[in-house]
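Structure, as structure tokens:
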Amino acid sequence: EVQLVESGGGLVQAGGSLRLSCVGSGFYFDDYAIGWFRQAPGKEREGVSCVSSADGKTHYADSVRGRFTMSRDNAKNTVYLQMNSLKPEDTAVYYCAADSFCFPGALDTTLYEYNHWGPGTQVTVSS
């Protein structure tokens with residue numbers, strides 16, 4: 001059974017940083033692309049970033065590019081999302097998800113749906 005568990009969320013002031021982690025189990029982690037998504041209250045879920053399985057290439061949403069950095073450590077079955085220069089509009093529940101592909105369109109939730117999801121971790125950025 002594919003399982004994903006996020007951690008690292010919390011409350012931070014605007015301009016601050018957080019690092020989220022996502023640990024996978026029950027599947028061969030190296031073979032899966034991993035994505036980060038978020039959902040703010042009253043809003044649709046949106047893609048934040050993803051990292052491919054083959055070459056570790058990353059893609060980012062325009063709203064976070066230059067502030068967020070995603071990486072993966074296959075030896076630890078873990079992906080990270082380093083979030084810097086946080087803004088109040090980054091407040092959301094952040095989810096990691098696993099699937100076959102990472103490409104720019106994979107972050108468009110109207111076009112592509114990741115198959116396996118974690119329960120999420122809350123990130124709150126105060127102004």
Side-chain angles (χ1 to χ4, degrees):
E1 178 186 2
V2 174
Q3 289 192 329
L4 299 161
V5 179
E6 305 91 342
S7 63
L11 174 64
V12 64
Q13 288 188 331
S17 298
L18 283 174
R19 189 178 80 156
L20 305 184
S21 300
C22 169
V23 179
S25 61
F27 63 106
Y28 190 58
F29 192 81
D30 298 30
D31 282 350
Y32 280 74
I34 308 293
W36 283 102
F37 297 79
R38 66 187 183 185
Q39 187 166 21
K43 295 189 177 181
E44 297 291 321
R45 186 177 294 182
E46 63 174 347
V48 174
S49 65
C50 64
V51 60
S52 70
S53 59
D55 56 11
K57 188 173 182 179
T58 51
H59 296 285
Y60 297 93
D62 290 343
S63 59
V64 306
R65 188 176 293 111
R67 299 188 297 123
F68 290 10
T69 302
M70 185 175 182
S71 60
R72 67 187 299 159
D73 183 345
N74 289 339
K76 296 182 178 180
N77 283 9
T78 301
V79 296
Y80 304 98
L81 184 68
Q82 178 66 44
M83 306 187 295
N84 298 329
S85 302
L86 283 161
K87 304 175 181 180
E89 52 262 45
D90 295 317
T91 295
V93 178
Y94 283 70
Y95 302 89
C96 67
D99 202 86
S100 300
F101 304 107
C102 167
F103 57 98
L107 298 181
D108 184 340
T109 58
T110 66
L111 298 178
Y112 192 82
E113 180 72 17
Y114 272 56
N115 283 322
H116 308 285
W117 293 82
T121 186
Q122 177 70 48
V123 171
T124 303
V125 185
S126 63
S127 57

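Both backbone and side-chain heavy atoms feed into the values below; hydrogens, waters and symmetry mates do not.
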Notebook entry, point to check: Less than 4.0 Å between a side-chain N and a carboxylate O, is that true for R65 and D62?
Noted result: yes
Check: Distance from Q13 atom CD to S127 atom OG, nearest 0.5 Å?
Finding: 9.5 Å
Next item on the list: Please name the pair of heavy atoms, one in R38 and one in A92, separated by the smallest distance, quoted to 0.1 Å.
Entry: CB-CB, 3.8 Å
Check: So, do R72 and S53 sit near enough that their side-chain heavy atoms are less than 4.5 Å apart?
Finding: yes
Next item on the list: Please identify each residue that fulfils side-chain hydrogen bond (donor to acceptor under 3.5 Å, both in side chains) with T124, with sequence neighbours left out.
Entry: Q122
Next item on the list: Using the ring of F37 (Phe, Tyr or Trp, six-membered ring only), decide whether R45 places NZ or CZ under 6.0 Å from its centre and within 45 degrees of its axis.
Entry: no
Checklist line | Shortest non-hydrogen contact from A14 toward P88 | finding: CB-CD, 4.1 Å
Next item on the list: Could you tell me the separation between the NZ atom of K43 and the OG1 atom of T91, rounded to the nearest 0.5 Å?
Entry: 10.0 Å
Note to self: Quick one, R67 and D90 - any side-chain contact, counting heavy atoms below 4.5 Å?
What the structure shows: yes
Next item on the list: Measure across G47 and A61 and return the closest heavy-atom pair with its distance rounded to 0.1 Å.
Entry: O-CB, 3.4 Å
Next item on the list: Please write out which residues are connected to L20 in a hydrophobic cluster, directly or through intermediates, given that two of Ile, Leu, Val, Met, Phe, Trp, Tyr count as joined at side-chain heavy-atom separations below 4.5 angstrom.
Entry: V2, L4, V12, L18, F27, F29, Y32, I34, W36, V48, V51, Y60, V64, F68, M70, V79, L81, M83, L86, Y94, V123, V125
Next item on the list: Taking all non-hydrogen atoms of both residues into account, name the closest pair between C102 and H59 and its distance.
Entry: SG-CD2, 3.5 Å
Notebook entry, point to check: Between Y95 and Y114, does the ring centroid distance fall short of 6.0 Å?
Noted result: no
Next item on the list: Using the rule that two of Ile, Leu, Val, Met, Phe, Trp, Tyr join whenever any of their side-chain heavy atoms come within less than 4.5 Å, decide whether W117 and V23 are in one cluster.
Entry: no
Item checked: Side-chain donor/acceptor of N77 to backbone N/O of S25, under 3.5 Å -> no
Next item on the list: Taking all non-hydrogen atoms of both residues into account, name the closest pair between S85 and S17 and its distance.
Entry: N-OG, 4.4 Å
Margin query: Given 3.5 Å as the limit, does a donor-acceptor pair link the side chain of E6 with the main chain of G120, or not?
Written below: yes
